[in-house]
> 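The structure's right below; bear with me while I get my questions together.
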Amino acid sequence: MQISDVRDDIAEELISSQEISDKIQEVAAEVSADYAGKYPLLVAVLKGAVNTMSVFSQAVSIPVEIDFMSLSSYGSGTQSSGTITVRQDLGCDVAGRDVLIVEDIIDSGLTLEWLIDELKRRGAASVEVFALLEKPARHIAQVDVKYKGFTIPDEFVVGFGLDYDEKYRNLDSIAVLKPEVYEA
Ligand code: IMP
Ligand code: MG
């Protein structure tokens with residue numbers, strides 16, 4: 001789905017589909033070099049990071065294992081609740097693994113802070129993060145993100161995996177939603 005398909009709901013396109021894929025290729029090249037000779041485990045947080053994981057995992061030039069975890073911090077609103085619940089756990093053991101978390105966006109950072117701690121508790125050899133988007137204005141937890149895509153302003157965005165109330169995940173670019181859509 002493209003911007004033109006949901007024009008009435010969108011205030012502005014922030015990052016085009018081409019810019020997203022160029023950036024992911026760039027990060028993938030960096031990660032492939034950094035993890036050369038290793039077999040990292042890529043962990044994406046469902047559902048928002050699925051689009052990023054898909055493009056990113058195809059762009060890396062080293063063998064990787066892929067797994068998913070479903071966490072919830074939001075409900076259906078636009079504010080992080082700060083309470084993380086595991087809806088669906090990983091299918092593999094992370095002990096001794098080099099884990100790279102693939103995230104859609106770092107907003108409060110609370111989800112990520114929780115996940116990094118949890119993976120370390122489970123005995124991961126290393127834990128790093130690739131976040132496609134970052135909203136620095138909203139950080140509550142300070143987490144160390146080694147691989148970053150784009151820094152965005154403090155606005156609620158949708159597309160490329162990101163939703164509002166489960167909609168717009170299949171938009172191919174990243175866009176700012178008109179406030180009246182979620183205030184309605
Ligand atoms: P946190 O506030 O950093 O814990 O963010 C948790 C999750 O909330 C992210 O991984 C996203 O799935 C979701 N989220 C945060 N900001 C936005 C946004 O602007 N649009 C859509 N989802 C968001
Ligand atoms: Mg997420």
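Whatever order the structure lists ligands and atoms in, that order sets their numbers, starting from 1.
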> Among Ser108, Gly109, Ala141, which one has a heavy atom closest to atom 2 (O) of ligand 1?
Ser108
> Strictly by modelled atom types, are Tyr164 and Asp9 linked by a side-chain donor-acceptor pair under 3.5 Å?
no
> Check whether any heavy atom of Ile105 sits under 4.0 Å from an atom of ligand 1.
yes
> From the options Ile15, Asp107, Ile106, select the one residue that forms a side-chain contact (heavy atoms from CB on, under 4.5 Å) with Leu133.
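Result: among Ile15, Asp107, Ile106, Ile15 is the only option passing the side-chain contact (heavy atoms from CB on, under 4.5 Å) with Leu133.
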> Is a salt bridge present between Arg122 and Asp89, judged by a nitrogen-to-oxygen distance below 4.0 Å?
yes
> Hey, does Val157 come in under 3.5 Å of ligand 1, counting only N/O atoms on both sides?
yes
> Mind checking whether Leu162 contacts ligand 1 via backbone (N, CA, C, O), side chain (CB onward), both or neither, at a 4.0 Å heavy-atom cut-off?
side chain
> Just to check, does Asp104 reach to within less than 4.0 Å of ligand 1 when the distance is taken from its heavy atoms?
yes
> Heavy atom of Leu110 under 4.0 Å from ligand 1?
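Yes; Leu110 lies near enough to ligand 1 that a heavy-atom distance drops under 4.0 Å.
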> Do the side-chain N and O atoms of Asp104 and Thr52 include a donor-acceptor pair separated by under 3.5 angstrom?
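No, because no side-chain N or O of Asp104 sits under 3.5 Å from a partner of the opposite role on Thr52.
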> For ligand 1, is there an atom lying under 4.0 Å from some heavy atom of Lys135?
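Distance cut 4.0 Å: Lys135 passes for ligand 1.
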> Is the closest heavy-atom distance from Asp163 to ligand 1 below 4.0 Å?
yes
